[in-house]
Amino acid sequence: MLDINFVRENIEAVIEKTRLRGLEIDLNGFAQLDAERKQLIGDIESLRHKRNVTSEEIARMKKAKSDATELVNDMRLVSARIKELDEKIKHCELTLREMLLFVPNIPNSSVPKGRSSDDNVEIRRVGKPPEFAFAPRPHWEIGTDLQILDFERGAKIAGSRFTLYWKMGARMERALINFMLDIHTHRHGYQEVLPPFITNSTSLVGTGNLPKFGEDLFKIEKTDYYLIPTAEVPVTNIYRDEILNAADLPIKLVAYTPCFRSEAGSWGKDTRGLIRQHQFNKVELVKFASPADSYIELESLTKDAEEILALLGLHYRVVTLCTGDMGFSSAKTHDIEVWLPGQNTFREISSCSNFEDFQARRANIKYRPSANAKLEFVHTLNGSALAVGRTLVAILENYQQEDGSVIVPDALRPHMDNIERITKS
RNA sequence: GGAGGGAUGGCCGAGCGGUCUAAGGCGGUGGUCUUGAAAACCACUGUACGCUAGUCGUACCGCGGGUUCAAAUCCUGCUCCCUCCGCCA
């Protein structure tokens, strides 16, 4: 959410910046409603002042045993009027807040302008694509032949976009989770947390998933519970309505969670394989930083995510998303895309974003910059490190052999009983 | 699921419906003292909003309703926490 004071003074700029994202927002009536609210607050406060003063007077008169009936009758009217104004103000504020909740974050000035993913800017490319003496196959063929991925039974148990992992498939998924958590906790200094996999709607408003993107979520009927679409939601909300110590910043957390997405609106997209599932595993990095440091922290967070790919020997590139391709809450986003030889393309495996104070304002997460200074909102950041299912996909496709087996990357072997190769068994 | 108890400022904790909407303590900040530190003493110490910008005003005592001229205080619904019983991984 943007600062209401900022929006008030920069309505045109806000509309303009939103247009850079390819969105049109409706702020008609905002200024008028905002002015009305201000007027009403002035009115109600003077009435309340009158009531407070007169109440004391009534108390004095009663103590002196004199008749206060007239004042009491006056105040009866004043109180009724206060109640009336209070309802009007509440209505104004609700409407204003509703408007603001639908306004996306303003892209940082360093973000390239553009309309779609075609305008994203590649900032580096690391490693080399593997060379094959045969035509590399897509992971769904490799996994099915090795009998470690079972798409048919996944669909039977739950439906399309659900997959059953068998044996070394399940084993590798679990190894990847542990591998990633170990690297981030031991080498990068993140604290591990294991949050609830379900949150309430307030938490989802805090991160910006609600109220606008409810269709993307699985909601539990007749409750206020939602399956989390990413660990970002519960982990960012750890500190909702709290004041952090400046000396503790940046706070760096890492969490493994499954993620659940309805994928409404992506019918027909990536229907084969593990790429786009209703349920997938992810290891997520979350940072709470001071505003002065947040862009440094975005770069280091991205590097932390990249290191997983580097350690696994996977070829990848990093792109900065253009204004038209960024998520609603983000001020700047780097995507990491891994090379998938079976599909001859780069695919997103991580998305690292700085939300600046957008989420912190929604979730009310503050800190005191220095003793006696005013409270300020922190900056929040997060990034996948990595999407586990897609990492497994990348390993299957990049380490596939002509005989259908798959070599286990060196770095992963200690987490897999030092197995070197997955073969059909 | 049943019965009972509770929620107050960064933390602990007091608060007869009307001498301020908050005692007291801890913590924090500044100062005195000290070579320095500790201790001691003194002072200050919540958030948000408003304007006539002040030794100003208004709101906030889990959240929402209600009663009242007036609610931290009374009534009510909800949320969360604690204790006991039952069930259960």
Side-chain angles (χ1 to χ4, degrees), chain A residues 1-9 30-101 194-206 210 219-220 222-226 234 237-249 251 258 288 290 357 360-378:
Chain A
M1 191 160 63
L2 301 178
D3 183 1
I4 189 167
N5 296 310
F6 178 82
V7 175
R8 181 181 301 134
E9 282 155 31
F30 178 89
Q32 201 181 341
L33 202 59
D34 185 53
E36 189 184 339
R37 172 179 164 271
K38 201 167 205 177
Q39 172 67 42
L40 289 169
I41 284 176
D43 293 351
I44 202 172
E45 289 198 350
S46 60
L47 284 177
R48 278 180 174 146
H49 177 57
K50 187 173 174 187
R51 182 176 70 181
N52 287 346
V53 170
T54 311
S55 286
E56 280 176 41
E57 178 63 18
I58 291 170
R60 266 197 296 278
M61 290 176 77
K62 292 218 168 181
K63 216 167 189 176
K65 307 260 191 233
S66 53
D67 183 23
T69 311
E70 197 177 328
L71 285 181
V72 167
N73 285 338
D74 283 355
M75 285 310 100
R76 222 189 289 272
L77 295 176
V78 169
S79 280
R81 179 70 183 146
I82 287 173
K83 201 171 168 183
E84 237 173 77
L85 291 178
D86 196 42
E87 273 164 26
K88 282 189 185 169
I89 290 169
K90 273 188 183 150
H91 177 258
C92 279
E93 289 184 339
L94 209 72
T95 312
L96 286 170
R97 182 174 161 80
E98 202 61 20
M99 283 177 158
L100 285 178
L101 284 176
L194 183 65
F197 301 159
I198 286 176
T199 72
N200 55 34
S201 57
T202 308
S203 290
L204 285 150
V205 170
L210 288 178
K219 183 173 191 199
I220 305 204
K222 294 177 185 168
T223 70
D224 186 42
Y225 290 147
Y226 294 78
N237 278 280
I238 288 174
Y239 294 119
R240 173 153 48 82
D241 294 321
E242 292 194 30
I243 296 165
L244 305 177
N245 275 324
D248 295 338
L249 301 180
I251 295 172
F288 301 83
S290 66
D357 64 5
R361 185 173 289 106
R362 286 174 167 244
N364 190 30
I365 308 170
K366 296 182 170 180
Y367 81 111
R368 197 180 300 282
S370 59
N372 301 326
K374 287 195 70 170
L375 295 176
E376 284 182 26
F377 292 111
V378 298

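Reminder, nothing fancy here: chain letters follow the sequence lines and each chain counts from 1.
Between the CG atom of Asp241(A) and the C1' atom of rU47(B) there is a distance of 12 Å, given to the nearest Å. A straight line from CG of Asn52(A) to P of rC60(B) spans 10 Å, rounded to a whole angstrom. Rounded to an integer number of Å, the gap from OH of Tyr367(A) to P of rG10(B) is 18 Å.
Applying the Watson-Crick and G-U wobble criteria (two distances, each under 3.5 Å), rA39(B) pairs with nothing in any strand. Both distances falling under 3.5 Å, in either a Watson-Crick or a G-U wobble arrangement, occur for no nucleotide opposite rC16(B). Checking rC80(B) for Watson-Crick or G-U wobble geometry (two distances, each under 3.5 Å) identifies rG6(B) as its partner. In this structure, rA89(B) makes no Watson-Crick or G-U wobble pair, since no nucleotide meets both defining distances under 3.5 angstrom. When both pairing distances are held under 3.5 Å, rG27(B) makes a Watson-Crick or G-U pair with rU45(B). Look at rU55(B): it lacks any Watson-Crick or wobble partner with both distances under 3.5 angstrom. With both pairing distances under 3.5 Å, rU34(B) is matched to nothing as a Watson-Crick or G-U wobble pair.
Residue pairs meeting the side-chain hydrogen bond (donor to acceptor under 3.5 Å, both in side chains) criterion with at least one member in residues 89-100 of chain A, sequence neighbours excluded, are Arg37(A)-Glu93(A).
Regarding contacts with the backbone of rG28(B), every side-chain N or O of Asn245(A) stays at 4.0 angstrom or more from both OP1 and OP2. OP1 or OP2 of rU47(B) has at least one side-chain nitrogen or oxygen of Arg368(A) nearer than 4.0 Å. For His49(A), no side-chain nitrogen or oxygen approaches OP1 or OP2 of rG57(B) to under 4.0 Å.
When the C1' atom is used for both rC78(B) and rC20(B), the distance is 32 Å, rounded to whole Å. Separation of the C1' atoms belonging to rC80(B) and rA23(B) is 28 Å when rounded to the nearest angstrom. Using atom P as the reference point in both rC82(B) and rU8(B), the two lie 14 Å apart (nearest Å). Taking the C1' atom of each, rA89(B) and rG4(B) are spaced 27 Å apart, rounded to whole Å. Here, rC44(B) and rC51(B) have their C1' atoms 27 Å apart, quoted to the whole Å. rG9(B) sits 13 Å from rG27(B) when the C1' atoms are compared, rounded to a whole Å.
For the pair Ile41(A) and Arg48(A), both in contact range of RNA chain B, the more 5′-proximal nearest nucleotide belongs to Ile41(A). Across the interface with RNA chain B, nearest-nucleotide mapping of Arg37(A) and Ser46(A) shows Arg37(A) to be the residue nearer the 5′ end.
Asp74(A) comes within contact range of no nucleotide atom at all, as no heavy-atom separation falls under 4.0 Å. The residue Ile44(A) sits apart from the nucleic acid: no heavy atom pair falls under 4.0 Å.
In the model, Asn200(A) has no side-chain atom that pairs as donor or acceptor with a side-chain atom of Asp224(A) under 3.5 Å.
A salt bridge links Glu84(A) and Arg81(A); the closest N-O separation between the charged side-chain nitrogens and carboxylate oxygens is under 4.0 Å.
Inter-residue side-chain proximity for Val378(A) and Tyr239(A) is flagged as unmet; no heavy-atom pair is nearer than 4.5 Å. Counting only heavy atoms from C-beta outward, the side chains of Arg240(A) and Thr202(A) approach each other to under 4.5 Å.
For Asn237(A) (side chain) and Ser203(A) (main-chain N/O), a donor-acceptor pair under 3.5 Å exists by modelled atom type.
In this structure Glu36(A) satisfies the side-chain contact (heavy atoms from CB on, under 4.5 Å) test together with Leu33(A), Leu40(A), Cys92(A), sequence neighbours excluded.
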The contact string for nucleotides 61-69 of chain B, one letter per nucleotide 5' to 3', using protein heavy atoms under 4.0 Å with B, S and - for base, sugar-phosphate only and none, comes out as ----SS--B

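Contact annotation: side chain of Glu45(A) to base of rG57(B), donor-acceptor pair present below 3.5 Å.
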